Amino acid sequence: KVTTENYEDFVITFNLECNDQIPVRLQEGTEVTLKKDTLTYGGLLSALEFSEAEFVDEEGNTVEGTLEWKDGTQRPDTSVTSAEWIFTPDDVAYAKAEGSTAITVEAKKLEITAATADDKVYDGTAYVSFRDIVLDGVEAGDKVSVDIGTVRGTLRDVKAGDYTYAMLPELKLTGKDKENYILVQPTGEVPLTKAVNVA
């Protein structure tokens, strides 16, 4: 019903016909594949690009549209083995199609950028443990660190008598997010800050 100020009210009747959208599916015998299915932890899912995939209607006619990730901003961890995609037809007469495809998320490599030796007397054979270790490459918000209790290595006086040390350590990670990382073991000695000579 339409109400007006200067004319009598009148009624407009609309006849609406609602039709279900036409189902869409992958062409028989095909699947959604990726140009590259491996992502390094910390990377966006959108970095994995789809190969061409053919979608058809119930009669086998090709349906044009856009294939994308349901959430391309997702940063999957190493426990994720698949991700969901969605196909949106260009013609709104067709329904969207959804599914998932396999992906692999590799652990991210971490390196030590700083470390400090516990103070102790250097005797040529002494061992020393690390503290104040700084890791390079940890994603914001992740809980991961070096397990101090397992960080051991042979201590060497770089310049005899001045107690400037270097060490080739054996390292392990700890923390709830450790499975998403691989610690790069030093191939050379890690320089340590000057320790105090305790006589």
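The shown structure was predicted, so the numbers you read here are calculated from the model rather than taken from an experiment.
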When rounded to the nearest 0.5 angstrom, what distance separates [atom1] in [X] from [atom2] in [Y]?
X: W69; Y: F50; atom1: CH2; atom2: CZ; result: 4.0 Å
X: T38; Y: K36; atom1: OG1; atom2: NZ; result: 7.0 Å
X: L45; Y: L39; atom1: CG; atom2: CG; result: 7.0 Å

What pairs of donor and acceptor atoms, side-chain ones from residues 136-144 against any protein atom, are under 3.5 angstrom apart with sequence neighbours left out?
| residue | atom | partner | partner atom | Å |
| --- | --- | --- | --- | --- |
| E139 | OE2 | K108 | NZ | 2.6 |
| D142 | OD1 | Y41 | OH | 3.3 |
| D142 | OD2 | Y41 | OH | 2.6 |
| D142 | OD2 | Y181 | OH | 2.6 |

So which heavy atom on [X] is nearest to which on [Y], and how close?
X: E31; Y: L26; answer: CA-CD1, 3.9 Å
X: A107; Y: E179; answer: CB-O, 4.2 Å
X: L34; Y: A102; answer: CD1-O, 4.0 Å
X: L173; Y: K178; answer: O-CD, 3.6 Å
X: G43; Y: P76; answer: O-CD, 3.9 Å

Residues forming a side-chain hydrogen bond (donor to acceptor under 3.5 Å, both in side chains) with D77, sequence neighbours excluded: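 Once residues adjacent in sequence are excluded, the partners of D77 under the side-chain hydrogen bond (donor to acceptor under 3.5 Å, both in side chains) criterion are S79.
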
Partners passing side-chain hydrogen bond (donor to acceptor under 3.5 Å, both in side chains) against K70 (at least two apart in sequence or in another chain):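 If we apply the side-chain hydrogen bond (donor to acceptor under 3.5 Å, both in side chains) test to K70, skipping adjacent residues, the hits are E98.
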
Shared hydrophobic cluster, [X] / [Y] (ILVMFWY, side-chain heavy atoms < 4.5 Å):
X: I22; Y: V24; result: yes
X: V63; Y: V32; result: yes
X: I182; Y: V146; result: no

Close side-chain approach of I103 and L48, heavy atoms under 4.5 Å: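 I103 reaches L48 side chain to side chain.
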
Residue pairs fulfilling salt bridge (charged side-chain N to carboxylate O under 4.0 Å, His left out) with at least one residue in residues 42-57, sequence neighbours excluded: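 The answer is K35-E49.
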
Residues T78, N180; criterion side chain to side chain contact (heavy atoms under 4.5 Å, CB included); working and verdict: CA-CA 6 Å; T78 54; N180 292 320; 2.9 Å; yes

Side chain to side chain contact (heavy atoms under 4.5 Å, CB included) between L183 and L135, worked out: CA-CA 9 Å; L183 188 60; L135 293 173; 3.7 Å; yes

Partners meeting side chain to side chain contact (heavy atoms under 4.5 Å, CB included) with L44 (sequence neighbours left out):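 Partners of L44 under the side chain to side chain contact (heavy atoms under 4.5 Å, CB included) test: S46, R75.
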
Extract all donor-acceptor atom pairs below 3.5 Å that involve side chains of residues 80-92 and protein atoms in other chains or at least two apart in sequence.
| residue | atom | partner | partner atom | Å |
| --- | --- | --- | --- | --- |
| D91 | OD1 | A93 | N | 2.9 |

Distance-only polar pair, side chains of T104 and D37, donor-acceptor under 3.5 Å: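 Their side chains do not contain a donor-acceptor pair, so the 3.5 Å distance test is not met.
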
